[in-house]
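Remarks on the structure that follows.
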Amino acid sequence: MDRSIKIVYFAWVRERLGLEEENIAIGGGVKTISDVLDVLKNRSDTYADIFSDVEKLRFALDQDYGLPASEIGAAQELAIFPPVTGG
Amino acid sequence: MDRSIKIVYFAWVRERLGLEEENIAIGGGVKTISDVLDVLKNRSDTYADIFSDVEKLRFALDQDYGLPASEIGAAQELAIFPPVTGG
Amino acid sequence: MIRVEVGPADFDIGAESAKVAGQGGGAISSFVGQVRDDGNLETLELEHYPAMTQKALLEIAETARSKWSLHAITIVHRVGKLTVGDNIVLVVTGSDHREAAIESCSFIMDRLKTVAPFWKKETRIDGKTKWIEERASDVEASEKWNA
Amino acid sequence: MIRVEVGPADFDIGAESAKVAGQGGGAISSFVGQVRDDGNLETLELEHYPAMTQKALLEIAETARSKWSLHAITIVHRVGKLTVGDNIVLVVTGSDHREAAIESCSFIMDRLKTVAPFWKKETRIDGKTKWIEERASDVEASEKWNA
């Protein structure tokens, strides 16, 4: 079933997109974080550039860390950001 | 050559002797901390009790740690005390 | 008692340490991270993921409490624009034993660096900006606790 | 900069930490040891060997400085009659790196426990007194740094 998911961006991902968050529609075939990335990469060259190298990205589903292969399930929020550098 | 050395006591050694420090005369044959302990043990039963078990004692010659076998050399002050418990 | 605080406000290490000490135990370990002067840093901006930060810090603290016997844990992490010498992060742990206090403080810092959702952006004196990158040594330090 | 202080006066961890931070570096590690409440402790008396204490603490600090890259080391150790909750000892180390700050702080505490000429005597609520004995775990902790 089609639904939408909120995506939030941080650090250089946010800056390069010029966007803090957005809602995107996802079809029933979109099951994993990787699938969401494929949707994003198809949007524009800028998106493709930013989301192609998953090694440089980290993900959280409803504020819990996930991997590209993680199933999004019923998650309402997907966060995409570079490796953290706090502390 | 005969000379005297100052001996300083701490913690339960001091308490059991009822003495913070004393000067004792030592003969030319007294070369090591062990030799000084022998002199002390000969003084009385109390002294013998306190200084017999070297495992329970620690030593410093002119404020540097020494062992029973350490030569006293020209040291002016020998400290005798239990293992330290600061910090 | 676990206390986690995230915001722009500075912290008082003396007061935070006293609060932890007041929870019992005779061993209090603290770590303070500040903006380091490297000669041409203008500002350091700290961004975070508000919906996740508190949760991530609480999880780190709970893990520390499960690994060591602790009376109290305090984590304070600042966000926003900071400059050289400013405080960034404070961790205080209290225990009956110094090993537990010191090790847990070290553990929390290692996890903070690699798990808590904060990002640092430098602005140099010449106006150039740069997002700080993850350090391999931080990742290794954090992973050693899983051994 | 190495600062060593021994005396009956209490210390201010906030002020001491700030002094160390002022010497540079972005990583400040602190440890505070206090008199622990075990339910029936009246007072803890700390005796020391004045002629040797300063020298022993300076040697510990110098060894730490030779093992890690540090901007500042502060050691404050109280003597005299203390009671439950009172501060006994403070160690603060400052470095560019948290590992150096935390490890050197831990090292200094381990050495303090086994090398610095201090002795603790407890007076219990029932009036009985007892000299604290050396703990094997402290000796092991201190020796591990020689490995």
Side-chain angles (χ1 to χ4, degrees), chain B residues 3-24 26 32-33 36-37 40 46-87, chain D residues 4 6 31-36 44-60 75-80 82 87-91 105-123 129-139 141-143:
Chain B
R3 68 162 179 117
S4 76
I5 188 167
K6 181 178 168 186
I7 314 193
V8 293
Y9 305 112
F10 295 97
W12 61 253
V13 179
R14 172 183 57 72
E15 278 192 345
R16 286 180 59 189
L17 284 172
L19 201 60
E20 292 188 3
E21 60 178 72
E22 60 184 321
N23 284 284
I24 67 160
I26 50 175
T32 65
I33 291 176
V36 177
L37 293 175
L40 293 170
T46 303
Y47 273 80
D49 260 12
I50 294 170
F51 298 108
S52 290
D53 191 352
V54 293
E55 292 296 314
K56 290 185 177 165
L57 298 172
R58 298 294 181 269
F59 312 96
L61 281 167
D62 285 349
Q63 298 86 48
D64 273 321
Y65 279 101
L67 295 169
S70 300
E71 301 218 351
I72 56 175
Q76 295 299 300
E77 185 169 293
L78 169 65
I80 307 180
F81 46 75
V84 301
T85 55
Chain D
V4 162
V6 179
F31 181 85
V32 175
Q34 299 186 330
V35 182
R36 182 149 50 105
L44 186 71
E45 209 167 331
L46 274 131
E47 177 173 338
H48 74 130
Y49 179 5
M52 183 173 173
T53 316
Q54 193 86 4
K55 181 180 169 179
L57 297 182
L58 283 174
E59 276 178 18
I60 293 170
I75 303 176
V76 186
H77 203 298
R78 297 180 73 189
V79 293
L82 303 175
N87 289 324
I88 302 172
V89 62
L90 170 70
V91 174
C105 192
S106 175
F107 167 83
I108 291 168
M109 278 307 303
D110 285 345
R111 285 294 152 105
L112 264 178
K113 293 260 176 191
T114 52
V115 174
F118 294 95
W119 300 273
K120 290 191 187 117
K121 184 188 185 179
E122 293 179 344
T123 302
T129 63
K130 196 186 98 182
W131 288 96
I132 304 271
E133 287 183 29
E134 177 185 55
R135 294 193 315 165
S137 61
D138 284 336
V139 175
S142 184
E143 282 173 353

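Lettering follows sequence order; numbering is per chain, from 1.
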Contacting region of D:Lys113 [heavy-atom separation from chain B under 4.5 Å]: both
Rounded at 0.5 Å granularity, tell me how far CH2 in D:Trp131 sits from CZ in B:Phe10. 10.5 Å
Has the side chain of D:Trp119 got a donor or acceptor atom that lies under 3.5 Å from a matching backbone atom of B:Pro82? yes
Using a strict threshold of under 4.0 Å (side-chain N to carboxylate O), is an ion pair present between B:Arg58 and D:Glu134? yes
Checking heavy atoms, do the side chain of B:Ala11, its backbone, both or neither come under 4.5 Å from chain D? both
Heavy-atom pairs under 4.5 Å with chain B - which of D:Ala51, D:Gly33, D:Ala56 has more of them than the others? D:Ala51
Does any non-hydrogen side-chain atom of D:Met52 lie less than 4.5 Å from one of B:Tyr65? yes
So what's closer than 4.5 Å to chain B heavy atoms on D:Ile132: side chain, backbone, both or neither? both
To the nearest 0.5 Å, how far apart are CD in B:Gln63 and CD in D:Gln54? 12.5 Å
Do the side chain of D:His77 and the main chain of B:Gly87 share a donor and acceptor less than 3.5 angstrom apart? yes
Chain B heavy atoms under 4.5 Å from D:Val115: which part of the residue, side chain, backbone, both or neither? both
More than 12 non-hydrogen atoms from neighbouring residues, nucleotides or ligands closer than 6.0 Å to CD on D:Glu133, yes or no? no
Side chain proximity check, B:Thr85 to D:Phe118, heavy atoms < 4.5 angstrom: no
Distance in Å, B:Trp12 CH2 paired with D:Lys130 NZ, rounded so as to fall on 0.5 Å steps: 14.5 Å
Checking heavy atoms, do the side chain of D:Lys120, its backbone, both or neither come under 4.5 Å from chain B? both
